[in-house]
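Remember, predicted model here, so these are calculated numbers, not experimental data.
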Amino acid sequence: SPLTICVDTPVPDNLNICVPKRMPPGAVLSLSWNTPVDLDLIVQDPSGATVGGNFSTSGQGAEGGAPANAPPSPSNGVLDRNSNANCVIDNVDQEDIVWQSTPQAGTYNVWVDLFSACHQAAVSFTVSLWLAEAQPDGTQRLVQQEPPLATGVLLGSQANGGSSRGLFVDSFKIQ
């Protein structure tokens with residue numbers, strides 16, 4: 001009997017790639033890295049709310065979420081996981097901040113923080129932005145924006161235990 005196989009995207013897309021009638025998130029900011037360390041993705045939205053790392057202004061603590069003073073809304077970014085938190089290595093080596101609907105217009109500032117090097121000398125990372133875009137068939141898909149927002153290397157000696165936001169890597173604008 002026939003079997004349908006679907007290969008999901010590298011970022012959370014609400015299984016839109018497998019079921020095109022499902023709406024993808026409005027945007028996904030993704031941090032991936034190549035070494036088992038505790039690396040954190042941090043973003044500050046145009047309102048000044050921060051999601052990710054120890055600097056999350058959310059009701060969910062350091063795991064991210066909507067700003068504490070913001071009403072629940074799919075336009076608020078939410079951190080999907082804290083990979084390798086406290087050097088408990090999960091082999092995911094990726095964190096994503098997901099906006100279920102189009103994020104508010106404005107400038108978003110992005111940091112990458114080496115919370116703990118977990119006995120590693122260095123880590124290489126990539127920060128990518130994915131945006132929902134209309135397709136010719138009338139559906140929407142997440143599309144990775146090129147080039148990546150940032151790539152870089154952090155040394156183990158730069159681990160700060162969350163005492164700062166870490167390395168400012170770039171900003172992006174939502175129209």
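For L131, the side chain to side chain contact (heavy atoms under 4.5 Å, CB included) partners two or more places apart in sequence, or in a different chain, are A27, L129, Q145, I174. With sequence neighbours excluded, the residues satisfying side chain to side chain contact (heavy atoms under 4.5 Å, CB included) with D137 are Q135, T139. Residues passing the salt bridge (charged side-chain N to carboxylate O under 4.0 Å, His left out) test with D38, sequence neighbours excluded: none. Not a single side-chain hydrogen bond (donor to acceptor under 3.5 Å, both in side chains) links Q120 to another residue, sequence neighbours left out.
Within the 4.5 Å cutoff, the side chain of W111 has no heavy atoms near those of the V169 side chain. Here the side chains of P12 and V28 are in contact, with some heavy-atom distance below 4.5 Å. Contact check for N34 versus V123: side-chain heavy atoms found under the 4.5 Å cut-off. Within the 4.5 Å cutoff, the side chain of I97 has no heavy atoms near those of the V78 side chain. With a 4.5 Å cut-off on side-chain heavy atoms, S116 and N86 do not count as touching.
Without hydrogens or angle criteria, Q94 side chain to P10 main chain gives a donor-acceptor distance under 3.5 Å. Side chain of N84 to backbone of V37: a donor-acceptor contact under 3.5 angstrom is found. Put simply, the side chain of R141 never gets that close to the backbone of P24: no donor and acceptor are under 3.5 Å apart. No side-chain donor-acceptor contact under 3.5 Å links D96 to the backbone of V98. Side chain of Q44 to backbone of A49: no donor-acceptor contact under 3.5 angstrom is found.
Note that CG of N16 is 8.0 Å distant from OG1 of T9, once rounded to the nearest 0.5 Å. Note: L155 CG to L114 CG = 9.0 Å, rounded to the nearest 0.5 Å. From L154, atom CG reaches atom OG of S124 across 9.0 Å, with rounding to the nearest 0.5 Å. Between the OG atom in S32 and the CZ atom in F125 there is a gap of 10.0 Å [rounded to 0.5 Å]. Note: D80 CG to E95 CD = 7.5 Å, rounded to the nearest 0.5 Å.
Comment: D90 does not engage R81 in a salt bridge, judged by the lack of any side-chain N to carboxylate O separation of less than 4.0 angstrom.
The minimum heavy-atom distance between L79 and V51, with the atom names listed, is N-CG1, 3.9 Å. For D170 against L149, the heavy-atom pair with the smallest separation is OD2-O, 3.1 Å. Heavy-atom minimum distance, N14 versus M23: ND2-O, 3.1 Å. Heavy atoms only, all atoms of each residue included: P46 and A105 are closest at CG-O, 3.6 Å. Across all non-hydrogen atoms, the minimal contact from P25 to A132 is O-CB, 3.4 Å. In terms of heavy atoms, W99 sits closest to N76 at CD1-C, 3.6 Å.
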Salt bridge (charged side-chain N to carboxylate O under 4.0 Å, His left out) between R22 and D13, intermediate numbers included: CA-CA 9 Å; R22 287 187 181 188; D13 78 338; over 6 Å; no
List the steps and the verdict of side-chain contact (heavy atoms from CB on, under 4.5 Å) for L31 and V112. CA-CA 8 Å; L31 168 66; V112 174; 4.0 Å; yes
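Listed by first and then second residue, the disulfide bond (SG atoms under 2.5 Å apart) pairs involving residues 93-157 are C87-C118 (not counting sequence neighbours). Identified under the ring pair (Phe, Tyr, Trp, His ring centres under 6.0 Å) test for residues 3-42, with sequence neighbours left out: none.
The side-chain hydrogen bond (donor to acceptor under 3.5 Å, both in side chains) test with R165 is passed by exactly one of T50, N160, N109, D40: T50.
In this structure, F172 and Y108 have parallel ring planes: the angle between them is below the 30° cut-off, well short of the 60° mark.
There is no path of hydrophobic side-chain contacts, each under 4.5 Å, that joins F115 to L29.
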